[in-house]
K.L.:
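If you scroll down you'll find the structure; I have some questions about it.
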Amino acid sequence: MTNIQPMKLDHESCYQAMLARDARYDGLFFICVKTTGIYCRPICPARHPRPENCVFVASAAAAQETGFRPCLRCRPESSPDLGAWRGASATVSRAMALIEDGALDAGDVADLADRLGVGERQLRRLFRLHIGASPVTVAQTRRVLLAKQLIHQTSLSMTEVALASGFGSVRRFNETFQQLYDRPPVELRRHSAPAKSSAPGITLLLPYRPPYDWPGMLEFLRMRAIPGLEVVSERSYARVIELDGAAGAIEVTDVPQRSALRATVRFPRLEVLPRIIARIRRCFDLGADPVAISSALARDPVLAPLVAARPGLRVPGAWDGLEIAIRAILGQQITVGAATKLAGKLVSALGADVSDRIGLAGLTHTFPHAGRISFEAVVVLGMPRARAATIAAIAAAALADSHLFDARQDLDDAIARFRGLPGIGEWTAQYMAMRVLRESDAFLAADVALQRILATDGKRPTAHELLARADHWRPWRAYAVLHLWTGEAPKVEQPPRTNPTLQRSKADACAISA
């Protein structure tokens, strides 16, 4: 076993959290035990090691790169996907998102660095500094932990597990598990055989750090659900998905007693499962640390009561960048309901009919592929010609650049890139950055609803004034936007004047048309 380099984590604080088995730290660090060669979560039920035998690291990848193997009792693959490095490096955060989406399955680290606008050497240095492992090790660790989760939670055969977790071959899959766990993968299943399920598809638990405002997430998605593409019930969200020319569906519900979402995936191709899971995590913001976010935003007297009322609020993400871009364009200057109807017409007219393949009520069509969206096809649906031209131009840009909606070097770069597209202004660019790129600091300063909510004595702040007002919300301005959009605030003293009650009306809600 090679020498492990401790991360910038306070040893005593981590050890005390481990002794307390404090769930608040689950996912924020891992414990590498020198005497056993095993790494664990802070909540592991095993007997505690002596402090001198512990090394604390910020990621599972850091532990595995130095030769430690995952604990079979606390199962690191079941830990919330957080990390002490989050927020320390925007480049690393964006790189991790691309790795989750399969950037290193077909490409190498040099390609990944190029997509992020940094040098390969710099990217490796940042990963070593903030995660303690190389980008390749991060990708390999995710593959192994997903395979282990599939072994424990599904009844897939070992061949299917190997395929679904991204291993190139069954032989490589078996060799990796034999080396890492000192036993074949089938031996892991014998100790924890999954319950048989009659439901079609693959069902997995995707952990998050509580609290989670699931009703709030569903309400946001319900208001914007596109007929035929999405169905939102009282407890669940379902939608049609498409990847690499194949279509399927996902259905997601909350399991609060397990601090996880239960995702059922119905898709004909197992090899894309890692990408589907990554997108589900992105859609439902499962990587957020609500405790850290709430703590930061609660310092603001306007946001404090909103955060207290909804401490688990998340920023809804996006399944597909083109879909959100078109949805945002459709919503310009009209209500949520009107925009949703237009989107439904677009899906019905140009999306592929998959009603005979999905098997879920209300799910009938895929979102149209960029190649099917043209000015002529869109304008006949009853929208202004200028808007139809913008939608066609966005589709053409997405067709020409498969990485159009990828994370890049920084937020400013993303906004500039989006604003370079026809018909895309600052508001739409920030909205796309918030939902598509998962930029936690995206901010819609020109949003009419925000300006109305934060009005003082009937005077609305300008976009410039709102930017200044929101400066101390960084790097969580996107979460502040969601809190203001969805909440109510009491009167707040702001010298030298007193704000009136900041209350969202139905008219305000309709103003948020994307």
Side-chain angles (χ1 to χ4, degrees), residues 214-242 249-252 283-284 314-355 358 360-370 372-373 377-388 390-392 394-395 405 423-425 427-428 430-432 434-436 444 447-450 481-482 485-486 504-514:
W214 182 244
M217 174 64 74
L218 287 184
E219 181 58 26
F220 185 97
L221 297 173
R222 181 182 295 109
M223 289 180 64
R224 296 157 179 81
I226 300 175
L229 181 73
E230 302 168 287
V231 172
V232 183
S233 69
E234 184 180 349
R235 293 187 176 88
S236 68
Y237 170 84
R239 66 163 291 140
V240 177
I241 62 174
E242 185 176 18
I250 59 171
E251 188 172 14
V252 183
C283 286
F284 294 97
R314 311 291 171 115
V315 175
W319 176 261
D320 178 76
L322 178 63
E323 179 184 318
I324 289 294
I326 291 177
R327 182 66 174 81
I329 294 166
L330 288 174
Q332 292 173 353
Q333 299 178 346
I334 60 175
T335 66
V336 174
T340 299
K341 288 180 180 178
L342 279 177
K345 291 173 66 175
L346 182 75
V347 166
S348 178
L350 303 179
D353 188 338
V354 292
S355 53
I358 299 303
L360 289 174
L363 299 182
T364 60
H365 289 75
T366 63
F367 193 84
H369 185 268
R372 300 196 64 185
I373 300 174
V378 174
V379 74
V380 298
L381 300 179
M383 62 186 68
R385 294 176 65 85
R387 196 166 301 167
T390 298
I391 290 173
I394 294 295
F405 300 106
I424 299 297
W427 187 97
T428 306
Q430 292 283 349
Y431 185 81
M432 290 163 61
M434 180 174 74
R435 295 199 60 194
V436 178
L444 288 70
D447 187 74
V448 175
L450 288 184
V481 168
L482 260 292
W485 274 357
T486 60
R504 288 289 309 282
S505 66
K506 292 182 179 180
D508 292 331
C510 290
I512 306 167
S513 55

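What you see below is based on every heavy atom in this structure, not just the backbone, and it leaves out hydrogens, waters and symmetry mates.
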K.L.:
Ile358 and Ala249: which non-hydrogen atoms are nearest, and at how many Å?
P.N.:
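In this case the closest contact between Ile358 and Ala249 is CG2-CB, 3.6 Å.
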K.L.:
Taking the side chain as every heavy atom from C-beta outward, state whether Thr340 and Pro227 have any pair of such atoms under 4.5 Å apart.
P.N.:
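Yes, at least one pair of side-chain atoms sits under 4.5 Å.
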K.L.:
Check whether any side-chain heavy atom of Val231 sits under 4.5 Å from a side-chain heavy atom of Leu363, and report yes or no.
P.N.:
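In short, these two side chains touch, coming nearer than 4.5 Å.
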K.L.:
So which heavy atom on Pro368 is nearest to which on Leu346, and how close?
P.N.:
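So the minimum-distance heavy-atom pair works out to CG-O, 3.7 Å.
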K.L.:
Output yes when a side-chain donor or acceptor of Trp214 lies under 3.5 Å from a complementary backbone atom of Arg235, and no otherwise.
P.N.:
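Judged by distance alone, yes, a pair lies under 3.5 Å.
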K.L.:
Would Leu342 and Leu381 count as a side-chain contact (heavy atoms from CB on, under 4.5 Å) if you check the C-alpha gap in whole Å, the side-chain angles of each, and the deciding distance to 0.1 Å?
P.N.:
CA-CA 8 Å; Leu342 279 177; Leu381 300 179; 5.5 Å; no
K.L.:
In Å and rounded to the nearest 0.5 Å, what is the CE to CD1 distance from Met432 to Ile394?
P.N.:
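Between atom CE of Met432 and atom CD1 of Ile394 there are 6.0 Å.
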K.L.:
List in chain and number order the residues that pass salt bridge (Lys or Arg N to Asp or Glu O under 4.0 Å) with Glu323, two or more places apart in sequence or in another chain; answer none if no residue qualifies.
P.N.:
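Testing Glu323 for salt bridge (Lys or Arg N to Asp or Glu O under 4.0 Å), a comparison that skips the adjacent residues, returns Arg239.
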K.L.:
Measure from the side-chain N and O atoms of Arg435 to the backbone N and O of Pro316, and report whether any donor-acceptor pair falls under 3.5 Å.
P.N.:
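Yes, because the side chain of Arg435 sits within donor-acceptor range (under 3.5 Å) of the backbone of Pro316.
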K.L.:
Under a 4.5 Å cut-off applied to non-hydrogen side-chain atoms, are Ile373 and Ile326 in contact?
P.N.:
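Yes, at least one pair of side-chain atoms sits under 4.5 Å.
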K.L.:
Who are the salt bridge (Lys or Arg N to Asp or Glu O under 4.0 Å) partners of Arg222, not counting sequence neighbours?
P.N.:
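If we apply the salt bridge (Lys or Arg N to Asp or Glu O under 4.0 Å) test to Arg222, skipping adjacent residues, the hits are Glu219.
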K.L.:
Check Ser355 against Asp353 and note the closest heavy-atom contact, atom names and distance.
P.N.:
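What the structure gives for the nearest pair is OG-OD1, 2.8 Å.
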K.L.:
For Ile424, is there any backbone N or O sitting under 3.5 Å from a side-chain donor or acceptor partner on Thr428?
P.N.:
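Side chain of Thr428 to backbone of Ile424, a donor-acceptor pair under 3.5 Å: no, none is there.
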K.L.:
First locate atom SG of Cys283, then atom CD1 of Ile250, and finally report the distance between them rounded to the nearest 0.5 Å.
P.N.:
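One finds 6.0 Å between SG of Cys283 and CD1 of Ile250.
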K.L.:
Where is the tightest heavy-atom contact between Ala225 and Val232, given as atom of each residue plus distance?
P.N.:
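Minimum heavy-atom separation between Ala225 and Val232: CB-CG2, 4.1 Å.
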K.L.:
Is there side-chain contact between Val240 and Val354, with at least one heavy-atom pair below 4.5 Å?
P.N.:
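Yes; the side chains approach each other to less than 4.5 Å.
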K.L.:
Testing the basics here: between Arg387 and Ile329, what is the closest heavy-atom pair and its distance to 0.1 Å?
P.N.:
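Scanning both residues, the minimum pair turns out to be CD-O, 3.4 Å.
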K.L.:
With sequence neighbours left out, write down each residue that passes side chain to side chain donor-acceptor pair (under 3.5 Å) with Glu251, or none if nothing qualifies.
P.N.:
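Side chain to side chain donor-acceptor pair (under 3.5 Å) list for Glu251, sorted by chain: empty.
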K.L.:
What distance separates Leu221 CG from Ile226 CD1, expressed to the nearest 0.5 Å?
P.N.:
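So the gap between those two atoms works out to 11.0 Å.
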K.L.:
Report the C-alpha separation of Phe405 and Ile324 in whole Å, then their side-chain angles, then the decisive distance to 0.1 Å, and conclude whether the side-chain contact (heavy atoms from CB on, under 4.5 Å) test is met.
P.N.:
CA-CA 10 Å; Phe405 300 106; Ile324 289 294; over 6 Å; no
K.L.:
With rounding to the nearest 0.5 Å, note down the distance linking CZ in Arg224 to CD in Glu230.
P.N.:
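CD of Glu230 is found 11.0 Å from CZ of Arg224.
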K.L.:
Below 30° counts as parallel, above 60° as perpendicular, anything between as tilted: where do the rings of Tyr237 and Phe284 land?
P.N.:
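Ring orientation of Tyr237 relative to Phe284: perpendicular.
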K.L.:
State, with a plain yes or no, whether a side-chain heavy atom of Met434 is found less than 4.5 Å away from one of Leu444.
P.N.:
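Of all side-chain heavy-atom pairs linking Leu444 with Met434, at least one is under 4.5 Å.
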K.L.:
Taking all non-hydrogen atoms of both residues into account, name the closest pair between Arg327 and Ala343 and its distance.
P.N.:
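Arg327 and Ala343 have their closest heavy atoms at CD-CB, 4.2 Å.
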